[in-house]
Structures are given as structure tokens and as C-alpha cells.
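As C-alpha cells, the structure follows; a few thoughts come after it.
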Amino acid sequence: MPKITDAATAIKQIKNGDTVMIGGFMAVGTPENLVDTLIEQGTGDLTVICNDTGFIGIGIGKLIVDHRITELMASHIGTNPETGRQMNAGEIKVTLMPQGTLAERIRAGGYGLGGVLTPTGFGTVVEEGKKTIEIEGVPYLLELPIKADYALLHAKVGDKAGNLMYHGTMYNFNPVMAMAANTVIAEVDEILEDSFLPPDSIHTPGIVVDYLVKKAW
Amino acid sequence: MPKITDAATAIKQIKNGDTVMIGGFMAVGTPENLVDTLIEQGTGDLTVICNDTGFIGIGIGKLIVDHRITELMASHIGTNPETGRQMNAGEIKVTLMPQGTLAERIRAGGYGLGGVLTPTGFGTVVEEGKKTIEIEGVPYLLELPIKADYALLHAKVGDKAGNLMYHGTMYNFNPVMAMAANTVIAEVDEILEDSFLPPDSIHTPGIVVDYLVKKAW
Amino acid sequence: MIVTRVAQELKPGSVVNLGIGLPTLVTKYLPEGITLQSENGMLNMGPPAPNGEADPYICDAGGKKVTILPGGCFFDSATSFGIIRGGHVDATVLGALEVDQNRNLASWMIPGKMVPGMGGAMDLVVGAKRVIIAMEHCAKDGSPKILKQCTLPLTAANQVDLIVTEKAVIEATEQGLILREIQPGSSLEDILQSTEADLIIPEELRG
Amino acid sequence: MIVTRVAQELKPGSVVNLGIGLPTLVTKYLPEGITLQSENGMLNMGPPAPNGEADPYICDAGGKKVTILPGGCFFDSATSFGIIRGGHVDATVLGALEVDQNRNLASWMIPGKMVPGMGGAMDLVVGAKRVIIAMEHCAKDGSPKILKQCTLPLTAANQVDLIVTEKAVIEATEQGLILREIQPGSSLEDILQSTEADLIIPEELRG
């Protein structure tokens, strides 16, 4: 059973220097309350794993603008020019990788796999430093798992067993991140206090969710 | 859009010698009408990929008893003693593998991955003939993708766009098989003719489903 | 002209992913029966939501609020790229900075200048059955974009199938780039002058 | 006795997968707050369905029709083994043919005799945080099952954490097998006679 609590209580366990996965694609599926609380609490020096850095003032963009991230793994930073500026100025270390590779690497972390072979990125700078393995004459890159101390998710509905259901494109990286972090904090628009989500319609099983926070603003 | 048709029409394209994935775990999630139709039509010499061979007279067990399978990839054959007998008598070639490995190999086939590294089976006979790759000091087996000519699935509900929803434990191998076969035939208890499944509750996207057959017996 | 010509390449019944920018404009000219995939997790993507009626939780790959059509579905990123990498997308239409005669594509960065990240482009180019490049024939400064060899970091090697510009329709094959059509308003001479790559010119298109 | 002793090892709040056979019997003695995982795709598995009320589409890993408890969920096999392999199952209880002092387990086949397949056992033994073996101390013919070295094909190497039999509770560590408890009705001498493996006997358990 997850602890149902407020954002401040759930977020304060995150320390400077921790590795944090944050769900969302262009800020849809990003837990804005949890991000705001990280900023309020002054947590910094974070390694953040996410698809993109949102926009200035929206989603993960807020953590960038406030210089809370020292290391970033993402697939796209183009919608937030401040990320590119900090990268070029050497203020932040950025590792860019293909979006599908990012998804598989996080999944591998959470699913106990040692890695996956993907054709994506072969023949490009993405292959630098990676092992190439040929299977039936086709070259693949060996991509390694990614894990984190925390995953911050955003779902539409959570029940008291911690089961989550997303809606629309907020789904994106949230389900794989839920499996790949030691501690999972989910911000949800609605908490079912007296009932449960239907067992055939659950996107993230409650056993991996440690804290449920009701979205408050 | 999938073709909505009857079992005989959908199944008659399967030829002797084809490779067929069949969903189900202990016959729950196995398309019984499609299996019966394969038997009626006399199709044989099949390579079948499935979790288990069901029971005598139930599920994939029927194909075993009727000697339609010459090659089998599965994780468990213990509930159907006839499979073991045929294997020991050299009538059928059986490759057994861990259930999680079977799931990942089929997924890799459908998801365009060249393989996955799993710790499962290291130090056992499962590692025979496989590459071992060490990642951060831990040995993993490189497991290769599996694909098939056909996948025969069983779902609870299908809509006219081919979207499928499973129920209970019939889910099992059906979703990964749906992605890994050239042609996908799904038997469903119910076909929505005038409406669609809710977009947040779809387990297999309709674009991979070629034929929908309403379960008739 | 680019956009309408690309639309003709998309077959009814196929699953298509359109990149950001010029390719997105193809949406307006799609034939019936195309299913649009959006790599952030949607099949059967619909048009932008009417003002004030947008569902805040449904966006396209550019972050724009859109709708989903009947029969569509949502899924997570691992599934979405399984659909893409696994060959379940029939065609992708993407813009380009450079394309070359070895079917290479460069579209994701200009070192030291623009490094937005590759997003889903690398997976799309490798995974989609057909890769269609929709772009202006030349860069803004007039320099050719269809080259003997790409100079910018690649998005993928040997994956381009078709190039559609305002001047030409070019098929990219293992034998090289074959000029298939001269667009209205252009000429063979114009194309040859604005293309660095070697072009194979079929008999019927020679003056 | 085996079954009740195993039940004590399972902590409230943990996620547990019980193997077929003897381990399934542990179900009756589970403490409150245990979530049962079934590898065919279910969390919060409930008891067998009452006669005539079974949902034909809900079965356990042995194929028996069961129920799901409130708060449970269903998922596919790839997700199920992700949960298992990824370390999200706190403990698994499995039967065994042989266990040895290097924490090896053999439980899935007897060459030439019984080859049912490994099913989910290999993933469970590698993935679960704690591997508890629940078995009779000796084989039916009286021969020891706790060996210096397994003779049958392994299910997994170096993964066993605890062995519970009707005679003893034995902790399997990198230093070797440590006798932790002598079960009521047994004795140190009885255990030593029926165990081939070297046992580390703590001071307090020596006569």
C-alpha cells in the first residue's frame, strides 16, 4: 500500500545529488506539483532522466531555468532554449539519445534486463562508446539499463492500492519509470479513497508506487 | 481495419509448415475456435510458439494429440503428458525456455530489437549455445528475437478498428504475439460493430490485427 | 506543392508518422483511411482541438494539443517505439538538413549551433517501412541539401526511400538517387544545378 | 509444519510468488497484508473460486480457476516477468528436487524421466529478492536432497536464501549452509544423518 501524502512530505526525502526520473512528453504527463515542490525545497545538483525539458516555466523546464539539474539524460531539448544555452556554456552535462532507446533503457532497468540490442543509432554519433553486435548480418547497438533513486510520475487516477491509470498522451514514460526507480512518487488528479480501479484497466501496478500525492494546483 | 470474418476463412490461409504463435496460459487466452479450425482443415507440420501445450483435449493440447506440431517452442509442457511422450519418442522437436525469456524474445521480435540480455538461465542448460555478456560484473545471456508467420490470439472484446481488450489472465502472451507475427488473427468473445473501445483501455492496438473472428462455440 | 505530392505517396489503409514542421502540413491533404501515429503514444491522431475545447492531456509530438479519432488508442513510449522500430509504421515523412546519395539522412543537429536532440527521429527512420523526406530543395542560402555525402551528423545511415522537394521527386535506391519527376515550374537543368549528388536520369526525363 | 514455518518468513506488505505444489499450501497461513503475484499475469490473487462461480478467464499458475482480490490487477507475460526479473517480488517460495551448499537449486527436470519445462521458475529464482525453498528434507527413497553439489540440471545457480523442511530451517549463505532451527520432532543427529551437504552449526544448536 502506498502512503497517501502531500507533495512537501513526499518530496523532502529527495536529497541534493540524487538521480530522478521525471515522466512527461512536452510537459504532458509531468507532475507539475512535484516539480514545483522540488524547487520550493531548494533541492539541487540533480541528475534528471526524462524525455525532454519541457518549456521555459512549464514542466521540467522549471528545474532547468532554476539550475537544479547538473546532469541530464533526454531525447530532446529543443523546446526549451535555456537547456541548450546551459549545455553550450558547460553549466550542465547533457546526454542525448533516441527516444525509443531511452524508453527501452529505462524499461531494461526496471525489468531486470542487462541491456537490449537496437538498430537505432547505428552509423551515427549515438554508437560512440557502445558495443556493436551483429545478429543475422544486421548490426545492433547494445544499450544498457538505466535506473534511478526516484521516479516522479503524473497519472490521472490512483487507487489506495497505488494502482495508476493514465489518460491520453500523459502515459508516455511514466509506466517504464515506475518500474525503474527505488522510490516512486505519483501525482494524481484523483485518488479513489473507497474503491479500486478495474483490474483489467490498470497501467501501473500499485506494488511499485510508494507515495500518492493528490494534485493540488 | 481488420477483416471481420469466420474462423474457417481466416484460418485457411495457414499452410502446412508455417510458424504459428498461439496465445494462452494453461488454455486461458487460447483461441479454441481457431485451434479447432486448424484441426478441421487438416493443417499440419506446424512450428508452434506458445507458453504451454495446455491439456489433453484443451487448448494447444488438441494440436499435440493430433500430431499437427513438428516443432515446438514453449516454457512448460508438464500439464499435457502427450507432449512429453512425443518428445521422448522423437516425434516432435521441443525447445524449452524460461517463461520470462520466451516473453522477451517474442517482444523483441515484434518490437524490432536484435535481442535482450537476461540473467535468467545463466549457469543452467539454458545457456547452451548462447553468448554470455558481462555488464558491470554480472553475466547475462543474449536471447534472440522470435517472429512468426501467424499469431492466433484470444481476446474478450474487439472493435471494428481491430483494437483488443483482454480480461483476467487471458492477457498473458497475446499482446506480445500480436506484434511479432506477419498476420494476426484474433478470436474475440464480442465484436463491437458500432462503437470503439475507450482509447485509454486498449491492450492491443488495432493496426496489428488483420482478422477478427467472433468466438462461435 | 511538396506537401500535396507527399500526400499522394500515402496509401489508404497505411499507418503513417508525420514529423514536425513541413511534414505536419501533409495532414490537410491525407487520403481517406490513413491512420496517423504520434510517437508520444497515440494511434489515430486527429486534428488540433478547437479553441477552448482542448483536452490538456492529449498532445502531438510537437506538444500541440490535438484530438484522437474514433478507433484510436493511447499507449506508453516503450510500446510506441515498439510499433515504430518493429516495422508496424508503413511510412514516415520527415524534414531534413541534408540527404545524400547513400540514402543517409542528417536532420537533428548542427554542431555548435543547433542541438535540439534527435527525439524520435532516429527510431522512425530505422523502423518505418518507408522513409519519405519532405524538404526545400536547397538551404536558405541557396546551397544544395542533396549531397554526395552528408556533412552533418547523421540521423540514420542508408534508410531514405524518397525525397520530395519543390523541384523534384527523387527515389533513393541502393544503386543511387533516381530522378522520378520534375515538379511543375522546375526543369532538369534547374535540378542538376541545385543538386550536388549524382542523379540517375531515366530516358523519359532527359530533354 | 513446513508450510506454517514458511508463512512466518513472509512479511506484511511484501509481494510474494508461491510455486505449485507444497508452496501453494502456504496460502492458507499467510499473514495479513501479503500481495500474491501469479506469474501468468496477476497481482493480489485471491482464493479458488467457489464452485460454479468461477470466471473461466482467471486462473493461477497451475491452471486452477481462482479469484482476484480488491486492488489487484492483470497484465501480460512480459510485464509479469518484468515485475519478477526486475526485483519487484520480495519473496518466492518454491519446491525443489535438490539444493546444494553453493545455493544452487535443481527443481525442473529429471533427464529421461520428467521434463515438464522450467515454466517461470528460472526467472523467479533469479529475480525474487528472497528465494525460500519449501520441501521434504529427503526424497521418497530416503536419499538426501540437500547436497554438496546438485546432480540434476539446475534451475539457477547461487540464488537460494532459505531452506525449510520438516526437520530443519537452513539459511543458505555465501559462507555455506547455516542450520538455524531444528524443527520440533527432529534432532541435530537426525538432520546431520539426512543431509549430505556440509552444515554450519551455530554454538546454540550443538548438543
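Numbers restart at 1 for each chain; the letters A, B, ... are given by sequence-line order, proteins then strands.
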Task: Contact summary for C:D123 and A:P98, nearest pair of heavy atoms - done: OD2-CB, 3.4 Å
Task: Closest contact, heavy atoms only, C:F74 versus A:Y171 - done: O-CE1, 4.1 Å
So do the side chains of [X] and [Y] get within less than 4.5 Å of each other, counting heavy atoms only?
{"X": "C:I58", "Y": "A:M170", "result": "no"}
{"X": "A:M97", "Y": "C:M122", "result": "no"}
{"X": "C:W108", "Y": "A:L96", "result": "yes"}
{"X": "C:M118", "Y": "A:H76", "result": "no"}

Task: Contacting region of A:T53 [heavy-atom separation from chain C under 4.5 Å] - done: neither
Open item on the list: Quick check on A:V126 against chain C: is it the side chain, the backbone, both or neither that has a heavy atom closer than 4.5 Å?
Closed with: side chain
Which portion of [X] sits near chain A, non-hydrogen atoms under 4.5 angstrom:
{"X": "C:Q159", "answer": "neither"}
{"X": "C:A106", "answer": "neither"}
{"X": "C:T155", "answer": "backbone"}
{"X": "C:N158", "answer": "neither"}
{"X": "C:I68", "answer": "neither"}
{"X": "C:D55", "answer": "side chain"}

Task: Short side-chain donor-acceptor distance under 3.5 Å, C:S77 and A:N172 - done: no
Flag the one option from [options] with the top tally of heavy-atom pairs under 4.5 Å to chain A.
{"options": "C:A61, C:G62, C:P153, C:G82", "result": "C:A61"}
{"options": "C:G120, C:A121, C:S80", "result": "C:G120"}
{"options": "C:G117, C:C59, C:G119", "result": "C:G119"}

Open item on the list: Quick one, C:D60 with A:M26, criterion side-chain contact (heavy atoms from CB on, under 4.5 Å). Give me CA distance, side-chain angles, the key distance, then yes/no.
Closed with: CA-CA 9 Å; C:D60 69 8; A:M26 302 283 160; over 6 Å; no
Task: Validation row, ring centre C:Y57 to ring centre A:H154 under 6.0 Å - done: yes
Heavy-atom count around [X] [atom1] within 6.0 Å, excluding the residue itself: above 12?
{"X": "A:K131", "atom1": "NZ", "result": "no"}
{"X": "C:Q149", "atom1": "CD", "result": "no"}
{"X": "C:K148", "atom1": "NZ", "result": "yes"}

Open item on the list: If I take atom NZ from residue C:K113 and atom CG from residue A:N88, how far apart are they, to the nearest 0.5 angstrom?
Closed with: 12.5 Å
Task: Distance, nearest 0.5 Å, that separates CG of C:N40 from CZ of A:F173 - done: 10.0 Å
Task: Side chain C:R85, main chain A:T120, donor-acceptor under 3.5 Å - done: no
TODO: Check whether any side-chain N or O of C:D76 sits under 3.5 Å from a backbone N or O of A:P175 as a donor-acceptor pair, and report yes or no.
DONE: no
Open item on the list: Apply side-chain contact (heavy atoms from CB on, under 4.5 Å) to residues A:E104 and C:F81 and explain how you reach the verdict.
Closed with: CA-CA 9 Å; A:E104 283 299 316; C:F81 283 89; over 6 Å; no
